[in-house]
Amino acid sequence: MRQKGALYGALCVAALLGIISTRGTPANPEVRFFLLRLLSIRSLPDPARGILTTSPPFPLLLALAFREYFPLVTGWGTAWALLLVGVKRGNLHSALLVLLSPVFLFGTLMRPALTLFSLFAALGFSAMLQSVAEENFEGLLLGNLAFGFGACLHPLGLWLSPVFASCEACSLRVPMYRRGTLAALALFPFLVFQSVPPFFGWVYEGYAWISFQDPGFSLEAFLRGESTTPCTQNFVLALPFLLAALFSGPLRALIFWGIFVLSLPAPHLTVPFASLPLAFLLALDPEPRKGTLFWILAGNVLGWVLVLFKFFPC
């Protein structure tokens, strides 16, 4: 029954994304970066060279496969994955509410790479929380891989990697001398994936850091030159999830507030969608609190009110 509910929910979200995408709004900077990068790749005799030197590379693969429709495909795939994981964790209703929020619906069309990263970051953090409760180190390894893959999805992972490593090192009940090892293991998959663009930048272009400094190769460098909306939108939209973390224990408060605070120095990457990873993480909490649905619903209502009064860029 829950599997059918997940399928029905994913189809509804796909329909909503299709309807919203017909509004005819111009391509936002994140989508424009990948489409412009595709134009330069087509002129190369070896397309793999253009993909491997791009940071991040995986959304570019989706853009290569689906062209201007890749935000829709990203949104539907994210919805399907989130609902399936929610079914397994018993969080189907929380996941569905998140997918009906304007932060997700508009975010997946305006910031598809950030939406994908938010899903994998939430999977990584939720696996870490579950391993703390059950001492499941295999799940912890999978969580490290999920978060590490975020390096191929969005530059925000570089900002959030200290939160992930420090929370993993401080949360598990291990001797002090092993905490540094845990932090290194948490960062290892991320650093491996993160090293792909600079390595091939050095091989093909002769300069390793071109994938981080050239706006033609780097999403972060490209977005840094774009104008952004006020950061207050980030705080307002994230407020229900930050308040929920305060009532969920010190570890969750550290994770939620750490994610939000470390996203503030990079508003060009997140505004106004810094609440996306927080919403996904709350929906995938392995030990959902009684008020989880209330806080997610509050975030939805707040988001739609901002849309109604045109305080939300859509």
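As the structure is a prediction and not an experimental result, all values here were calculated from the model.
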Can you tell if the side chain of F280 reaches within under 4.5 Å of the side chain of V85, non-hydrogen atoms only?
no
Are the side chains of T108 and W76 in contact, using a 4.5 Å heavy-atom criterion?
no
Look at the side chain of R289 and the backbone N and O of E287, then say whether any donor-acceptor pair between them is shorter than 3.5 Å.
yes
Working to the nearest 0.5 Å, report the span between CG of D285 and CD of Q130.
10.0 Å
Test of understanding: clusters of I, L, V, M, F, W, Y form through side-chain heavy atoms closer than 4.5 Å, transitively. Do L243 and I259 belong to the same one?
yes
Backbone of G50 reached by a side-chain donor or acceptor of R37 within 3.5 Å:
yes
Side chain to side chain, W304 and L105, heavy atoms closer than 4.5 Å
yes
Approximate separation, where rounding is to 0.5 Å, of L99 CG and L17 CG
9.0 Å
Please check if atom CH2 in W80 has more than 12 non-hydrogen atoms from other residues, nucleotides or ligands closer than 6.0 Å.
yes
Can L36 be reached from I210 by stepping across I, L, V, M, F, W or Y side chains whose heavy atoms are under 4.5 Å apart?
no
Side chains of F200 and V196: does their closest heavy-atom pair fall under 4.5 Å?
yes
Check: F58 ring centroid to F149 ring centroid under 6.0 Å
yes
For H154 and L219, run side-chain contact (heavy atoms from CB on, under 4.5 Å): C-alpha distance rounded to whole Å, both residues' side-chain angles, the deciding distance at 0.1 Å, then the answer.
CA-CA 8 Å; H154 197 268; L219 175 62; 4.0 Å; yes
What pair of heavy atoms forms the shortest contact from P112 to V31, and how long is it?
CD-CG2, 3.8 Å
Classify the ring geometry of W295 against F247: parallel below 30°, tilted from 30° to 60°, perpendicular beyond 60°.
parallel
Side-chain contact, heavy-atom cut-off 4.5 Å: W159 with L156?
yes
Minimal heavy-atom distance between S55 and S211, with the atoms involved, is CB-O, 3.1 Å
Going through the distances and angles, do C167 and L254 end up as a side-chain contact (heavy atoms from CB on, under 4.5 Å)?
CA-CA 8 Å; C167 287; L254 176 63; 3.8 Å; yes
Taking all non-hydrogen atoms of both residues, which atom of L72 and which atom of G18 are closest, and how far apart?
CD2-N, 4.0 Å
Are F117 and L160 close enough that some pair of their side-chain heavy atoms sits under 4.5 Å apart?
yes
Ignoring hydrogens, what is the shortest heavy-atom contact between I296 and L282? Give both atom names and the distance.
CG1-CD2, 3.6 Å
Atom CE in M128, atom CG in L281: separation rounded to 0.5 Å?
8.5 Å
Cluster link F217 to F34, ILVMFWY, side chain under 4.5 Å
no
Going hydrophobic residue to hydrophobic residue with side-chain gaps under 4.5 angstrom, can you get from F104 over to V307?
yes
L187 versus S161: any side-chain heavy-atom pair under 4.5 Å?
yes
From L182 CG over to S166 OG, what is the distance, rounded to the nearest 0.5 angstrom?
12.0 Å
Do side-chain atoms of S218 reach the backbone of P215 as a donor and acceptor pair under 3.5 angstrom?
no
Non-hydrogen atoms of F147 and G157 that approach each other most closely
CZ-O, 4.1 Å
Pair F199, V203 - check side-chain contact (heavy atoms from CB on, under 4.5 Å), show working.
CA-CA 6 Å; F199 173 76; V203 170; 3.9 Å; yes
Are L158 and L119 linked, directly or through other ILVMFWY residues, by side chains that come within less than 4.5 angstrom of each other?
yes
Main-chain N/O of L109 paired with N28 side-chain donor or acceptor, under 3.5 Å
yes
Take N144 and E168, measure what side-chain contact (heavy atoms from CB on, under 4.5 Å) needs, and give me the verdict at the end.
CA-CA 10 Å; N144 292 350; E168 185 166 313; 2.8 Å; yes
Please report the closest heavy-atom contact between A122 and P277, naming both atoms and the distance.
CB-O, 4.3 Å
Output for pair (T54 OG1, R49 CZ), nearest 0.5 Å, gives 11.5 Å
I would like to know whether T270 and N234 meet side chain to side chain donor-acceptor pair (under 3.5 Å); could you show each step before the answer?
CA-CA 8 Å; T270 61; N234 264 346; 3.3 Å; yes
Pairwise distance CG(L278) to CG(L237) - rounded to 0.5 angstrom
10.5 Å
With heavy-atom distances below 4.5 Å as the criterion, would you say the side chains of P286 and R89 are in contact?
yes
